[in-house]
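Note: hydrogens, waters and symmetry copies are ignored here, and every other heavy atom, side chains too, is used. We name chains A, B, ... by the order of the sequence lines, and we start the count at 1 in each one.
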There are 2 protein chains.
Amino acid sequence: MSGKKVSERTIRRLSHYARCLRLSRIRGDSIITSGYLAGTCGISSAAVRKDLAFFGEFGKQGSGYEVDELLYNIEEILGTTDPPSVVVIGAGNIGMALIESGLAGTGGYRYRGIFDRDPSRTGLKCAGIEVQSISMLSAAVQKLGEVIAVIAVSPGEGQNAVDTAVAAGCSAVLSFTLEPLIVPEGVILGFVEVSTELDIITHSIRAGARI
Amino acid sequence: MSGKKVSERTIRRLSHYARCLRLSRIRGDSIITSGYLAGTCGISSAAVRKDLAFFGEFGKQGSGYEVDELLYNIEEILGTTDPPSVVVIGAGNIGMALIESGLAGTGGYRYRGIFDRDPSRTGLKCAGIEVQSISMLSAAVQKLGEVIAVIAVSPGEGQNAVDTAVAAGCSAVLSFTLEPLIVPEGVILGFVEVSTELDIITHSIRAGARI
DNA sequence: GCGTGTGAACCTCTTCACAGCG
DNA sequence: CGCTGTGAAGAGGTTCACACGC
């Protein structure tokens with residue numbers, strides 16, 4: 001809709017603002033300031049205002065931003081007012097844990113299915129969702145429309161699972177595996193890398209401990 | 001040791017290089033080029049060389065980088081040659097799944113314990129590790145030394161768990177919860193946010209679909 | 001007075017092009 | 001000839017300071 005180009009870093013911040021706004025709304029606040037958002041997200045208030053002003057004049061001078069209105073606008077920018085469906089591929093420990101934990105508080109996302117190629121796992125139930133054979137994925141995607149596939153398979157099976165997800169028509173892939181993955185042009189690829197987060201933390205500990 | 005200041009973005013890339021090098025080593029390669037690392041990590045070869053040259057002259061002109069040597073140097077920079085211990089707080093779905101999945105392939109990290117404040121969970125065994133009462137955390141940290149606490153508790157319990165971890169002497173906290181958290185100065189804080197990754201992907205899908 | 005919106009300065013990071021060395 | 005190391009140019013993002021409106 002909007003022809004704006006925004007960096008991933010900005011999108012990441014907008015996502016944080018959105019989460020912060022949801023918490024404010026739960027707490028009953030109707031107005032929020034850039035300074036408050038800045039403090040909660042660990043950045044400067046000027047940066048918050050720059051981010052928001054880039055997309056429109058959402059604030060009221062002298063008071064701040066109306067929580068409901070700002071949240072609506074940010075979700076509009078992110079495209080999460082009507083978010084894609086999410087399915088999990090791999091009904092192992094992590095896959096099942098993700099399903100059981102759900103996506104509460106994330107603003108609209110919901111797990112719509114979990115798939116595994118191991119027949120001994122199909123039929124298991126988990127948080128009201130039944131593990132289906134991977135052969136059912138294609139039909140499920142056709143029914144759901146836009147789908148993000150969360151890859152939670154065993155090490156070494158990542159690329160295989162991604163290829164299956166892509167062939168089934170998934171628009172994007174979010175991988176929990178460590179392996180490098182390849183997707184065709186047009187398919188979005190994201191990673192959740194505990195390993196890298198640990199490395200960053202370790203470096204911070206060591207660097208922060210210097211004199 | 002080194003007084004260099006490096007950005008988190010650079011550290012994140014170094015972590016990716018390290019993972020790529022481990023895979024190369026397993027494959028038996030002894031030499032790797034900046035172009036190959038660049039391709040696998042999705043950046044330009046010049047950026048890779050800049051990153052590495054900043055810390056020393058690790059490469060051999062005309063051939064490339066020796067895998068073992070470069071990996072050693074990167075781990076030295078990251079501080080992961082002798083990595084901190086990792087413990088999990090919260091023996092729910094995610095905590096148990098993390099323990100069962102282990103940290104294979106991450107280069108040295110290992111889960112050394114899992115703790116929960118719910119007495120009905122203590123004593124459960126998981127991948128050879130027994131769930132301990134949260135009251136044992138302090139003693140465990142004292143024995144382990146430098147400890148990263150992975151927070152995998154139910155929504156709303158995050159800050160409580162963090163406070164406990166900090167009081168027990170943990171050097172850093174990596175949270176899987178969505179809530180904003182506060183830690184005292186000197187304690188490192190990191191997040192794994194599936195919600196934000198989904199937002200980024202959703203935005204990419206919608207933005208990429210524009211004309 | 002308070003908090004937003006914004007142009008300008010500032011800084012960091014990335015890319016380019018090429019010299020240098022095996 | 002191939003690939004690294006690096007100064008210079010360019011792009012992008014952040015901070016600052018202040019005008020504007022409630």
Side-chain angles (χ1 to χ4, degrees), chain A residues 2-17 20-21 24 29-74 77 200 203-204 207, chain B residues 2-17 20-21 24 29-74 77 200 203-204 207:
Chain A
S2 66
K4 310 263 191 176
K5 295 165 197 163
V6 291
S7 70
E8 180 185 310
R9 182 174 289 198
T10 304
I11 297 297
R12 183 162 256 124
R13 284 197 301 265
L14 289 176
S15 175
H16 289 164
Y17 303 158
C20 198
L21 286 163
S24 291
D29 302 346
S30 61
I31 296 286
I32 201 169
T33 69
S34 63
Y36 178 81
L37 278 171
T40 319
C41 299
I43 56 180
S44 77
S45 64
V48 173
R49 292 200 298 278
K50 263 265 154 66
D51 280 340
L52 299 178
F54 180 73
F55 298 99
E57 303 201 359
F58 302 134
K60 279 147 189 66
Q61 296 184 332
S63 60
Y65 301 87
E66 214 234 306
V67 171
D68 286 334
E69 184 191 328
L70 183 57
L71 180 55
Y72 174 81
N73 280 300
I74 290 180
I77 295 163
I200 292 169
H203 177 80
S204 290
Chain B
S2 66
K4 310 263 193 177
K5 295 165 198 163
V6 290
S7 70
E8 180 185 312
R9 182 173 289 196
T10 303
I11 298 297
R12 183 163 257 123
R13 283 197 301 265
L14 289 176
S15 174
H16 288 163
Y17 302 158
C20 196
L21 286 163
S24 292
D29 302 346
S30 61
I31 296 287
I32 202 169
T33 69
S34 63
Y36 178 80
L37 278 170
T40 319
C41 299
I43 56 179
S44 76
S45 65
V48 174
R49 292 200 298 278
K50 264 260 154 68
D51 280 340
L52 300 178
F54 181 73
F55 297 99
E57 303 201 1
F58 302 134
K60 279 148 189 66
Q61 296 183 334
S63 59
Y65 302 86
E66 214 234 305
V67 171
D68 285 335
E69 185 190 327
L70 183 56
L71 180 55
Y72 174 82
N73 279 300
I74 289 179
I77 294 163
I200 292 169
H203 177 81
S204 289

*Which whole-number value in Å describes the distance from A:Phe58 CZ to D:dG21 C1'?*
18 Å
_On a heavy-atom basis, which atom in B:Ile32 and which in B:Ser24 lie closest, and how many Å separate them?_
CD1-OG, 3.5 Å
*Search all heavy atoms of A:Ile74 against all heavy atoms of A:Leu52 and return the closest pair with its distance.*
CD1-CD2, 4.2 Å
*Distance, rounded to the nearest Å, where B:Phe54 contributes CZ and C:dT15 contributes P*: 17 Å
*Taking side-chain hydrogen bond (donor to acceptor under 3.5 Å, both in side chains) as the test, write out the residues that go with A:Arg12, two or more places apart.*
A:Glu8, B:Glu197
*With sequence neighbours left out, what residues match A:Asn73 under side-chain hydrogen bond (donor to acceptor under 3.5 Å, both in side chains)?*
none
Quick test: give all pairs of protein nitrogen or oxygen and nucleotides 18-21 of chain C nitrogen or oxygen below 3.5 Å, distance rounded to 0.1 Å.
unit_1: C:dC21; atom_1: O4'; unit_2: B:Gln61; atom_2: OE1; d: 2.4

*Which ones in residues 30-43 of chain B lie close to DNA chain D, meaning a heavy atom under 4.0 Å from one of its atoms?*
B:Thr33, B:Ser34
*Got a sec: does the CZ of A:Phe54 have more than 12 other heavy atoms crowding it under 6.0 Å?*
yes
_List the residues meeting side-chain hydrogen bond (donor to acceptor under 3.5 Å, both in side chains) with B:Asp68, not counting sequence neighbours, and say none if there are none._
none
*Contact class for B:Ser7 (heavy atom, under 4.0 Å): base, sugar-phosphate, or nothing?*
sugar-phosphate
_If the helix axis at each end comes from five base pairs, how far does the helix from C:dG1-D:dC22 to C:dG22-D:dC1 deviate from straight, to 10°?_
10°
*asked:* Return whichever of A:Ser63 or A:Ala47 has its heavy-atom-nearest nucleotide of DNA chain D closer to the 5' end.
replied: A:Ala47
*With sequence neighbours excluded, what pairs up with A:Ser34 under the side-chain hydrogen bond (donor to acceptor under 3.5 Å, both in side chains) test?*
A:Arg49
*With sequence neighbours left out, write down each residue that passes side-chain contact (heavy atoms from CB on, under 4.5 Å) with B:Ser30, or none if nothing qualifies.*
none
*To the nearest Å, how far apart are B:Arg13 CZ and C:dT12 P?*
15 Å
*For A:Tyr65 and D:dC22, is the shortest distance between a side-chain N/O and OP1 or OP2 below 4.0 Å?*
no
*Test side-chain contact (heavy atoms from CB on, under 4.5 Å) applied to A:Thr40 - qualifying residues, sequence neighbours left out*: A:Cys20, A:Tyr36, B:Pro180
*Nearest-angstrom distance from the residue atom NZ of A:Lys5 to P of D:dA11*: 13 Å
Pairs: protein N or O with nucleotides 8-10 of chain D N or O, under 3.5 Å:
unit_1: D:dA8; atom_1: N6; unit_2: B:Lys50; atom_2: NZ; d: 3.4

_I need the CD-C1' distance between B:Glu57 and D:dT4, as an integer number of Å._
9 Å
*Heavy-atom pair with the smallest gap, counting every atom of A:Ser44 and A:Ala38*: C-CB, 3.6 Å
*Check B:Ser63 against B:Thr33 and note the closest heavy-atom contact, atom names and distance.*
O-CG2, 3.6 Å
*Considering heavy-atom distances to DNA chain D, does A:Ala46 or A:Glu8 have its closest nucleotide positioned more toward the 5' end?*
A:Glu8
*Mind jotting down which residue pairs meet the salt bridge (charged side-chain N to carboxylate O under 4.0 Å, His left out) criterion with at least one end in residues 55-67 of chain A? Sequence neighbours excluded, please.*
A:Lys60-A:Glu69
*Roughly how far apart are B:Tyr17 OH and B:Leu70 CG, rounded to 0.5 Å?*
10.0 Å
*Just how far, in rounded Å, is P of C:dT4 from CG of A:Asp51?*
13 Å
*For atom CG of B:Leu52 and atom C1' of D:dT6, their distance in whole Å*: 14 Å
*Mind checking side-chain contact (heavy atoms from CB on, under 4.5 Å) for B:Ile77 and listing every partner two or more places apart, or none if nothing turns up?*
B:Leu14, B:Phe55, B:Phe58
